[in-house]
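Within every chain, numbering begins at 1; the chains are lettered A, B, ... in the order of the sequence lines, protein sequences first and strands thereafter.
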Amino acid sequence: MNNLLEKLNNNQKEAVLHTEGPLLILAGAGSGKTRVITNRIAYLIQQKNVPPYNIVAVTFTNKAAGEMKKRVIDLTGSQGNSVFIKTFHSASVYILRRFGERAGIPRFFSIYDSSDQETLIKEILLEMKLDPKKIKPRMIASHISSIKEKAEFFSAGPDALMPEHLPFNFPEVYKTYHQRLKKVCALDFNDLLIETARLLRSCPEELAAMQRMWKYFMIDEYQDTNHAQYLISKYLSSATRNLCVVGDDDQSIYSWRGADIKNILDFEKDYSEAKVITLEENYRSVAQILDSASCVIKNNVHRKKKNLIPVRGDGELITWCRTNNERGEAGYVISKILSLKNREGMKNNDFAVFYRTNAQSRVFEEYLRKENLPYRIIGGLKFYDRKEIKDILAYLKIIANPADAVSLFRVINVPARGLGSASIASIREAAAEKDITEWEVILNSSELKIRASKGLNEFKDVILRGMEIAAETPGKYSLSDLVNEIIEISGYKKSMESDDSTEAKARLENIDEFINSIYDYEQMNMESGLDEFLQSVSLLTSEENPDDVTDETGFITLMTVHIAKGLEFPVVFLTGMEDGTFPHINSIDTEQGLEEERRLCYVGITRAMDKLYITNAEIRRSWGEVRYRIPSRFINEIPAEYIESDEYIDEYSSGSYPSDSFPSENYSASFSSSSFKGRGSVRSFSYSNPKPKAQYEFSTSSFSSNGFTEGMSDHSESKFKLRDVVVHPKYGRGTITGIKGSGDNIKITISFTGGRSKVFLEKYTQLDRLM
DNA sequence: GACCATTTATTTTTT
DNA sequence: ATAAATGGTC
């Protein structure tokens with residue numbers, strides 16, 4: 001027993017020992033949070049003799065749940081298998097399936113992910129003669145989620161909550177959306193949580209049954225809970241009040257998904273008898289890194305003040321590298337990785353590259369591939385999001401739930417069966433007219449004056465055959481039998497095979513991989529049929545491809561900062577640190593948005609154990625346009641004494657940077673330190689580049705015209721130059737990034753602070769030059 | 001209805 | 001820059 005507690009500091013011990021009643025653990029980054037939760041579970045089982053099936057631990061991601069389960073099993077052996085460790089969404093599916101009947105939840109329901117949801121919303125908009133291009137389905141989806149939550153739990157009727165000033169009939173869309181979901185027996189991600197909370201509130205017998213089964217609750221990442229998740233935790237634990245929540249308000253980064261930071265900030269109000277334990281000792285990062293993170297997050301007003309104590313002491317400085325463009329950024333990262341591997345014997349697994357948006361991963365991928373460095377991208381291109389996988393899943397979903405119209409129309413003509421828009425429209429019309437499902441129309445096509453074309457019959461037969469097989473799965477048939485049969489008789493496989501493009505080949509490989517993952521699933525879930533399989537697959541979004549789990553050479557990890565939460569790496573590259581990229585342009589204008597970006601930055605910095613590299617690109621291509629970017633304001637917030645500067649030019653950059661324009665003998669560079677605290681003070685530093693070839697001046701203030709500007713614009717007689725810093729009467733301060741035309745037709749492109757850029761006719765624009 | 005050429009949107013983050 | 005959506009033609 002004592003070895004359980006030996007490795008813990010006093011606060012951690014206290015958290016483990018406090019098993020009864022509500023407990024709030026405010027766990028700073030790297031303070032050993034997961035260790036506390038897992039040891040607490042082990043302590044309950046081994047010392048308090050709590051049966052493992054009485055214990056529930058809830059996390060946000062499948063990955064976190066898997067990791068926690070593994071560590072619990074390490075501590076407690078086979079008993080750990082019986083601890084209920086799941087994500088909020090998978091726990092909800094479990095509850096709805098097992099106890100949902102009285103709450104009107106169908107025995108089987110499909111789960112609509114965000115893309116299914118958007119498809120459905122788009123259909124509804126089209127029916128209402130609205131243009132999905134002007135009214136974004138995604139925007140509607142987020143309104144629908146937040147309104148449904150409020151309508152459900154804050155007593156106001158949905159009508160009172162409809163967003164105002166929308167130029168269309170939102171209540172109608174809202175109503176139709178939910179009618180349609182009901183008709184197709186589907187729940188969206190948000191419904192899973194809301195319906196679970198509703199069930200717990202309105203079905204006391206079912207709640208009591210769950211409370212007999214579950215007595216101790218642990219909620220991880222509590223700062224990211226939304227209202228429904230808050231209620232689920234509250235209802236489930238209401239009998240014993242043994243609710244332990246763990247979180248860090250500084251790491252709340254999901255408010256855009258409905259997370260409410262108040263849940264953690266107000267925990268002590270909700271549970272007046274709550275014990276509060278703060279974990280401040282950081283075991284992960286060297287002092288320079290941790291202190292830098294503290295200095296950044298200090299700029300947020302809406303937070304609980306706290307100290308982070310770097311137990312490890314001093315290490316290396318943070319390196320901030322300015323690069324000319326995104327290729328230079330990638331080149332720098334790769335060169336650092338190579339030299340750290342050669343000189344310090346570091347391994348691929350030690351490195352992680354973070355970026356703000358998925359789109360930024362491409363250049364890194366390209367460079368890593370060029371150097372033959374093994375890497376993996378977490379998130380981003382999700383396996384289960386690939387077209388071919390979604391197609392096959394759509395077939396399976398129809399077989400399990402023929403009412404699922406979104407899936408039905410996804411593949412009714414895949415591969416092509418001659419069922420185009422006309423056929424689809426007539427099926428839809430007949431379904432609406434007779435108020436039956438589209439599948440029923442197809443079944444009875446002969447009587448319903450639907451042209452029972454050859455293609456329609458083929459499709460019908462595929463689904464019917466699939467249903468026959470599914471009825472005997474597991475048993476006579478396995479899930480993989482079913483999938484193999486479907487891709488065979490639907491002609492899906494054949495159509496891929498007859499296409500000899502590399503694309504089709506890759507798809508076939510992915511399908512193979514999918515079938516392999518089904519074999520694995522079958523091994524682990526011998527009793528599962530199609531329904532269970534589909535429901536677990538719908539929640540597996542960011543799961544890794546099955547084949548890259550083990551490899552002795554390891555992988556360099558690429559991911560967004562969001563996904564990085566909860567992880568740690570010896571060496572971290574925090575890339576794209578530019579205003580407009582990080583903080584992201586869409587969040588830069590509100591205090592709330594900016595504070596969340598800052599928390600995200602804090603999360604990124606605190607992932608690094610030994611060494612942190614921060615990079616920014618002066619010029620970044622996005623939307624097919626070249627943009628000038630200034631270093632992220634968050635870099636300013638790091639004290640200069642923790643930073644060592646570096647810079648790197650991509651040698652192969654074509655066009656914009658003629659290499660002979662850089663004086664090669666000059667090895668010192670200077671830049672205005674608008675990015676350091678005292679605006680205007682100038683620092684110089686020695687220049688070091690692994691392969692010094694080109695010299696580059698990073699000055700934004702006294703940029704002399706040299707060859708650098710060539711190729712970036714036409715010659716013109718404008719009184720302004722590229723990179724002049726100007727003030728626009730309406731938009732404020734910005735940098736000139738393009739000058740085109742002549743005479744009265746001089747067009748000036750200005751990139752404003754924050755990354756927005758606009759084009760003006762010089763003739764009509766009052767611009768003041770600042771520098 | 002299939003196939004092409006042209007146009008348009010895409011880029012925030014995820015269960 | 002690129003993928004998806006649209007529109008026109010056969």
Side-chain angles (χ1 to χ4, degrees), chain A residues 58-65 86-93 111-117 122 126 131-134 136-139 141-142 145 187-194 196 221 224-226 228-229 251-259 326 354-363 366 378-382 384-385 387 413 415-425 451 453 455 503 535-543 559-566 576 580-588 593 596-597 599-601 603-604 620-627 755:
Chain A
V58 184
T59 65
F60 273 81
T61 64
N62 296 302
K63 201 173 188 171
K86 283 187 183 287
T87 65
F88 265 110
H89 288 82
S90 63
S92 296
V93 170
I111 297 168
Y112 273 19
D113 66 18
S114 8
S115 78
D116 297 327
Q117 196 182 12
K122 203 168 140 191
L126 286 170
D131 185 357
K133 266 183 280 174
K134 291 189 184 127
K136 295 229 169 104
R138 190 186 287 184
M139 186 268 283
S142 90
S145 297
L187 299 178
D188 63 30
F189 278 149
N190 207 36
D191 286 340
L192 292 176
L193 304 172
I194 291 180
T196 302
E221 308 283 10
D224 286 330
T225 47
N226 65 23
Q229 289 161 332
Q251 294 185 63
S252 164
I253 54 176
Y254 287 109
S255 72
W256 48 273
R257 204 169 77 186
E326 71 273 12
F354 298 164
Y355 33 79
R356 177 64 180 80
T357 65
N358 279 307
Q360 289 163 251
S361 70
R362 278 184 49 170
V363 197
E366 192 187 305
I378 313 242
L381 44 121
K382 289 164 219 155
Y384 290 98
D385 268 357
K387 286 176 214 82
N413 200 31
R417 300 187 178 88
L419 299 171
S421 50
S423 315
I424 289 172
R451 213 176 87 239
S453 65
E503 210 182 35
Q535 288 185 341
S536 65
V537 144
S538 306
L539 298 173
L540 277 189
T541 44
S542 60
E543 218 63 0
M559 62 180 118
T560 64
V561 191
H562 277 90
I563 305 178
K565 192 172 66 164
T581 307
F582 196 179
H584 194 271
I585 180 113
N586 295 359
S587 310
I588 223 163
E596 182 143 320
E597 293 289 309
R599 291 194 290 269
L600 190 56
C601 178
V603 167
R620 186 174 291 278
R621 287 173 107 79
S622 57
W623 279 288
E625 248 186 291
V626 170
R627 286 152 191 251

Separation of [N] [atom2] from [X] [atom1] (nearest whole Å):
| X | N | atom1 | atom2 | answer |
| --- | --- | --- | --- | --- |
| A/Asn62 | B/dT14 | CG | P | 13 Å |
| A/Gln117 | B/dT15 | CD | P | 15 Å |
| A/Tyr355 | B/dT14 | OH | C1' | 14 Å |
| A/Glu221 | B/dT14 | CD | C1' | 13 Å |
| A/Asn226 | B/dT15 | CG | C1' | 10 Å |
| A/Asp116 | B/dT14 | CG | P | 18 Å |

Donor-acceptor contact present, side-chain [X] to main-chain [Y], <3.5 Å:
| X | Y | result |
| --- | --- | --- |
| A/Glu326 | A/Gln360 | no |
| A/Ser92 | A/Phe88 | yes |
| A/Glu596 | A/Gly593 | no |
| A/Thr225 | A/Glu221 | no |
| A/Asn190 | A/Ser145 | yes |
| A/Gln251 | A/Lys565 | no |

Practice problem: Evaluate the criterion side chain to side chain donor-acceptor pair (under 3.5 Å) for residue pair A/Ser538 and A/Gln535; output intermediate values, then yes/no. | Solution: CA-CA 5 Å; A/Ser538 306; A/Gln535 288 185 341; over 6 Å; no
Quiz item: Roughly how far, to the nearest 0.5 Å, is CD1 of A/Ile253 from CZ of A/Arg599?
Solution: 9.0 Å
Self-check item: Same-atom distance (P) from B/dT11 to C/dT6, integer angstrom
Solution: 16 Å
Quiz item: Between A/Ser145 and B/dT15, is there a side-chain N or O to OP1/OP2 distance below 4.0 Å?
Solution: no
Self-check item: Base-pairing string, 5' to 3', of DNA chain B - Watson-Crick or wobble, under 3.5 Å, | interstrand
Solution: ||||||||||.....
For a quick check of understanding: with a heavy-atom distance under 4.0 Å over all strands, which category does [X] fall into, base, sugar-phosphate or nothing?
| X | answer |
| --- | --- |
| A/Ser114 | base |
| A/Arg362 | sugar-phosphate |
| A/Lys387 | sugar-phosphate |

Practice problem: Specify the residue among A/Ala416 and A/Leu193 whose closest nucleotide of DNA chain B lies further upstream toward the 5′ end. | Solution: A/Ala416
Exercise. Examine A/Phe60 together with A/His89 and report whether their ring centres are nearer than 6.0 Å.
Key: no
Shorter than 3.5 Å, N or O on both sides, protein versus nucleotides 9-13 of chain B: list them out with atom names.
| unit_1 | atom_1 | unit_2 | atom_2 | d |
| --- | --- | --- | --- | --- |
| B/dT12 | OP2 | A/Asn586 | ND2 | 2.3 |
| B/dT12 | O4' | A/His584 | NE2 | 3.4 |
| B/dT12 | O2 | A/Arg356 | NH1 | 3.2 |
| B/dT12 | O2 | A/Arg356 | NH2 | 2.0 |
| B/dT13 | OP1 | A/Asn358 | N | 2.9 |
| B/dT13 | OP1 | A/Asn358 | ND2 | 3.2 |
| B/dT13 | O2 | A/Trp256 | NE1 | 3.1 |
| B/dT13 | O2 | A/Arg356 | NH2 | 3.4 |
| B/dT13 | O2 | A/His562 | NE2 | 3.3 |

